[in-house]
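The structure appears right after this line, and notes come after that.
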Amino acid sequence: MPMPDPNVVAIIPAAGRGRRVGGELPKQYRPLQGKPLLWHTLNLFEGCPVVQGIILVIHPEDRALCREQVLGGEEGFAKVRQVVDGGAERFESVLAGLQATGEADEIIVVHDAARPFVSAALIHRVIAAAVRYDAAIAAVPAIDTIKEVEEKVVVRTLPRSRMWCAQTPQAFRRELLQEAYSRLTPGEGATDEAGLIERLGKPVQIVVGEHKNFKVTTVEDLAEAEWRMSKSGETEKSRDRRRVGQGYDVHRLQSGRDLVLGGIHVDHPRGLEGHSDADVLTHAIIDALLGATGLGDIGRQFPDSDPAYKDISSLILLESVGEMLSKRGVEVLNVDAVIVAQSPRLAPYLGAMSDAMSRVLHLPSERISLKATTTEGLGFVGREEGIAAQAVALVDL
Ligand code: MG
């Protein structure tokens, strides 16, 4: 879903006492893989590019605990801009967080401290839906049949196809959420923010949530959370941040030019036609890297209308793409490419090509895999009218 860049602030209510899990510590401070549950949840929002700031709502008695165990770590959380005291009920805590927001905050996204498995993609989708519809929540279709019960006797069975279980994130335009809270009368409460919006008679958009985004409530949940984190932990996080890109390029063969592939001069009677040195392999790799990072393509970064790039070595362009990526903190995990040429035989050059690329990208050469193939005489490659190259790149954002 395309969206402009709204100002988004996350409110994380973490003031509950979490009695149902038992033990000395409130559940949000219970360790999972060596870090408090709350730390894991904050870490997800810290790493979420669409969220600009975080307001953390805690119990006043937990100040020291939170500072030492959650916020005081070596990395800290740059996005946590306020830590405010919450109330006895969850909706009071969210209200305390809301009161700490300002005019510049357009979208408020509320997320339970005890849901440490939400994906960045779901956070993004809920925010995008709130930008479009003003109010949106993550929810999953009910799996079990839901009964309405009084005094342990079923009153009726609700139509399961219409039943959804609400999760967080829940995201709203700030004014709308403020209006909903302003209508709250003493003694009234709400188990989630969406309930307050519904009372205003305003529609709340559903975004299909994730079953893995469960709320850690009981001792069994805590054990399940521990198991999930030990199983996937860091890999889950890094999988969310990995991106693949592809590149494809073709250049025409022409007499009177040098053939340059992967930055290496290849002995051949003809070379490739183009504005730069027409290094078709390097171009495909550049496009794969730019694609994986969402930076467009080679034509956008280095327009061929620009005389600066006339006959330039494409390795210089590749080097500058590498710098562009590293400035953004993007790590190239690997590149795999194939040159499609009828002749000459390229195998003897492939090692030198990957060495040249590894130098400009500051990557070990084993992360750059190069291959060459012919098309068995078929098509434009087979007729030796041109050379093609195709590449994929995997990056860690
Ligand atoms: Mg090209």
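Ligands are counted one by one from 1 in listed order, and the atoms in each one are counted from 1 as well.
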Establish, from distance only, whether the side-chain atoms of [X] and [Y] form a donor-acceptor pair under 3.5 Å.
| X | Y | result |
| --- | --- | --- |
| D249 | H283 | yes |
| T218 | E220 | yes |
| Q390 | Q246 | no |

Exercise for review: Give a yes or no on whether D279 keeps an N, O or S atom under 2.8 Å from the Mg ion (ligand 1).
Suggested key: no
Check your understanding: Using 4.0 Å as the upper bound for N to carboxylate O, is an ion pair formed by E385 and R383?
Key -> yes
Exercise for review: Give the name of the N/O/S atom in D249 that lies closest to the Mg ion (ligand 1).
Suggested key: OD2
Review point. So which N/O/S atom does H283 have closest to the Mg ion (ligand 1)?
Key: ND1
